[in-house]
Amino acid sequence: MTRTTRARPVLERRLETAAWQHRLTVVHAPAGWGKSLGLAAWIASSARGNRIARAELDPDCSEPVVFWTRVAEALAGTDDRFAGLDTPPAGVDDRRTWIAELVATGLSAPADLVLALDNVERIDTPAVGDELALLVLGRSRIRLLLAGRTRPPLALARLRASGALAEIDAGDLAFSADEARSLLDSPATPEFEEAIRRAEGWPVALRFAAGQPHERLRGDHHHLYDYVVEEVLAPLPANLRRFLLGTAGLDWLGGPLCDAVTGGDDGSGMLARLDRAGVFVVPLDRRRLWFRYHPLFREALHRAAAAEGVDTEAAHRRAARWFVDHGMPDRAIAHLLAAGDEAEAGELIASTYWRMLDVGRTATVLAWIDRLAPEHLHADARLLLAHASASLFAGRTGDVHLALALAETAPARQGPLADGLPSVDAGIALGRASLSALRGNVGEAVRWARRARAMHGPEHFTQRANCDIILAGSAYYAGPGDDVEFRLTEIVESATPMRNTAAEVAGRATLARVRAERGDLPAAWEQLARAEALIGSRYAALPFADRVFALCHAAVAQHSGAVDTAVAGFTNAHDLAIAATDRITALDATLGLAELELDAGRVETARRWSDEAARLLAECEDPGQRLRSRQAAVRARLADRVAADPTAGGLVTARQGAILQAVARGLSDAAIAAELGVSVRTVHAHLRAVNARLRVHCRADAVRVYRARGGPA
């Protein structure tokens, strides 16, 4: 790899400000983080570069005489006053006198200067540290900049507290995305964009990636792997290397966990030493009790551990046991899958997946399922229910249908399940109810939800509330009913103490909509506020609750006359529903947008939304009377607009004009019939009459003549 000095304006300004305004500046970061190149670029760009003395330290500098000789030579190259100093003496007391003379020489300098020492990890000895403190704390015009993989052997707390210390770490040295792209002579490739994300700003990794921008950057790539082995692992003591290789499989690093995996008893101390040594451990908390490895470094460690014969599968099993014993089964699952223990992993997935879904970890559950062998997955109905539930949350309705079908024939364990279901059959029924509701089959959703609810006893309160919310929502769409508000109130009152967030959010939001429709707007907004506060109290809202809340919030805003809020809410609900293949919510939101556009007099936009609603309605087997009635009302309002504005000078009737406008929009005969509420045969009869009246032979010519005579198609 070619080492080149590139301009890095942000870093250079940071170094310039720190070095000249603080008594001591410490630059510390792991190997390959661009410390030396950054110093070179800063010195080259600084207006006071002639007052910066730089020295690169080597292992010999751990001897105090060698170190001070190197310091004196660097200072003498910048200011002649230091050339007159004697050679540093060997005796400790004499050398302290010599250091005092060096400080006095610095005090007599006409202007400040910076002494920049690179590779300070090579002087990590008490003798040099004690003497270096004399220079740092002495009254002098010498400002010190120390750069290395570790913090220098100085007591930094006092300087930090007094404001005399500036610290520049890996975060400051990391390449931004734009700086990374500047390494290329052409636009960044998708592989290089991924490298930017995975490198987390690590300059040396990005330079390797820039050399092969069409290859995926991995830590076990031979160039980067060799760099890690030679520059990071090789200089470490043997005990630290063993610790690194033994914990290569961990995505979390904590002292007790590492002890359980390695069989040691000083995991916390090892992590602290690695942190101080500038190895690639990233703290995950302020107390620095938990860490993680840099992802590319961890991949390199995996390869090195394999080369050393480390039993990584056994390490994964020990980590899994530790996480289970400490109440973190979700962390254990990944380790069991990595170790190939699918049976034990499956047991944990079956008992953990619902809690993960409840806090928005759908992608994690799907990733677990995807790693299971098909023969293992298909042999366990509980895992198939987990697959169906996660796929339902992700909007993968095709996968939901397949998983439920497989669950019906898979071996099933008797009795209640760990996810709160009384049985596999109850889970299948609830899954069928949810899937039918998404697909716009209200009647089927009610039948399956009733069947599922009948299987749930009082002790299965969480999943029974999910049955109830499907029943209430389906009853709402089925048509006006006096008991819908009562059912929703019941759901809200029962879901609150059970902490069933999805049921309570959906229940309160739908209750708000019902109350707005009967004119009680204050009560509606109160329910929405309580639902919104509940969503904010969790780690992540469930997708279903998100969609219902957005839809009902928009509906309440529509009844309140808050048009902009209603449009934004219906648009959000529409987009969320389309992404989740939730036909009935998408249809509901689309009709809301059509109604708002008609209210605003934007007929053409309303017609486009009505066309989409017609398509969605056709895809729903049984959307319920409420949505059918709203669609008919929208079509009637559009037809009234046409009748109130005779087109083409009375050349055609209002009905014929509406048909020509639909033809111009590209609708099929069946779609035109559905929109106008007539048969396809009636549409054909009107088109024949139009052709005769306009004296044309095809519908395209009919539209052309109609437009030429002033028709709005």
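- Listed by chain and number, the residues in a ring-ring contact (aromatic ring centres under 6.0 Å, His included) with His316 are His335 (sequence neighbours excluded).
- Qualifying side-chain hydrogen bond (donor to acceptor under 3.5 Å, both in side chains) partners for Arg14, counting only residues two or more places apart in sequence or in other chains: none.
- The backbone N or O of Ala199 sits less than 3.5 Å from a side-chain atom of His294, completing a donor-acceptor pair.
- Remark: of the listed residues Arg51, Arg141, Arg143, Arg51 is the sole one forming a side chain to side chain contact (heavy atoms under 4.5 Å, CB included) with Leu113.
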- Go through the steps to decide whether Leu154 and Val26 satisfy the test side-chain contact (heavy atoms from CB on, under 4.5 Å), and finish with yes or no. CA-CA 11 Å; Leu154 297 169; Val26 173; over 6 Å; no
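- Here the straight-line distance linking atom CZ of Arg355 with atom CG of Asp330 works out to 5.0 Å at 0.5 Å rounding.
- In this structure Glu231 satisfies the side-chain hydrogen bond (donor to acceptor under 3.5 Å, both in side chains) test together with Arg149, sequence neighbours excluded.
- Summarising the geometry, atom CD1 belonging to Ile123 is positioned 7.5 Å from atom SG belonging to Cys61; distances are rounded to the nearest 0.5 Å.
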- Message: Arg160 vs Glu167, test: side-chain contact (heavy atoms from CB on, under 4.5 Å). Steps then yes/no.
- Response: CA-CA 9 Å; Arg160 187 182 292 117; Glu167 294 180 270; 2.8 Å; yes
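- Going from atom CG of Asn239 over to atom CE of Met270 covers 4.0 Å, rounded to the nearest 0.5 Å.
- Counted by atom type alone, His223 and Gln212 present zero donor-acceptor pairs between their side chains at under 3.5 Å.
- A ring-ring contact (aromatic ring centres under 6.0 Å, His included) with Phe297 holds for exactly one of Tyr227, Phe280, Trp202; it is Phe280.
- Under the 3.5 Å distance criterion, the side-chain polar atoms of His214 are left unmatched by any main-chain donor or acceptor of Glu191.
- Side-chain contact, Thr150 with Glu121: no donor N or O sits under 3.5 Å from an acceptor N or O.
- For Arg216, the salt bridge (Lys or Arg N to Asp or Glu O under 4.0 Å) partners two or more places apart in sequence, or in a different chain, are Glu194.
- To the nearest 0.5 angstrom, Leu206 atom CG is 11.5 Å from Arg198 atom CZ.
- Identified under the ring-ring contact (aromatic ring centres under 6.0 Å, His included) test for residues 232-259, with sequence neighbours left out: Trp252-Trp290.
- Under the 3.5 Å distance criterion, the side-chain polar atoms of Glu16 are left unmatched by any main-chain donor or acceptor of Glu12.
- Applying the side-chain hydrogen bond (donor to acceptor under 3.5 Å, both in side chains) test to Glu101 and every residue at least two apart in sequence or in another chain returns nothing.
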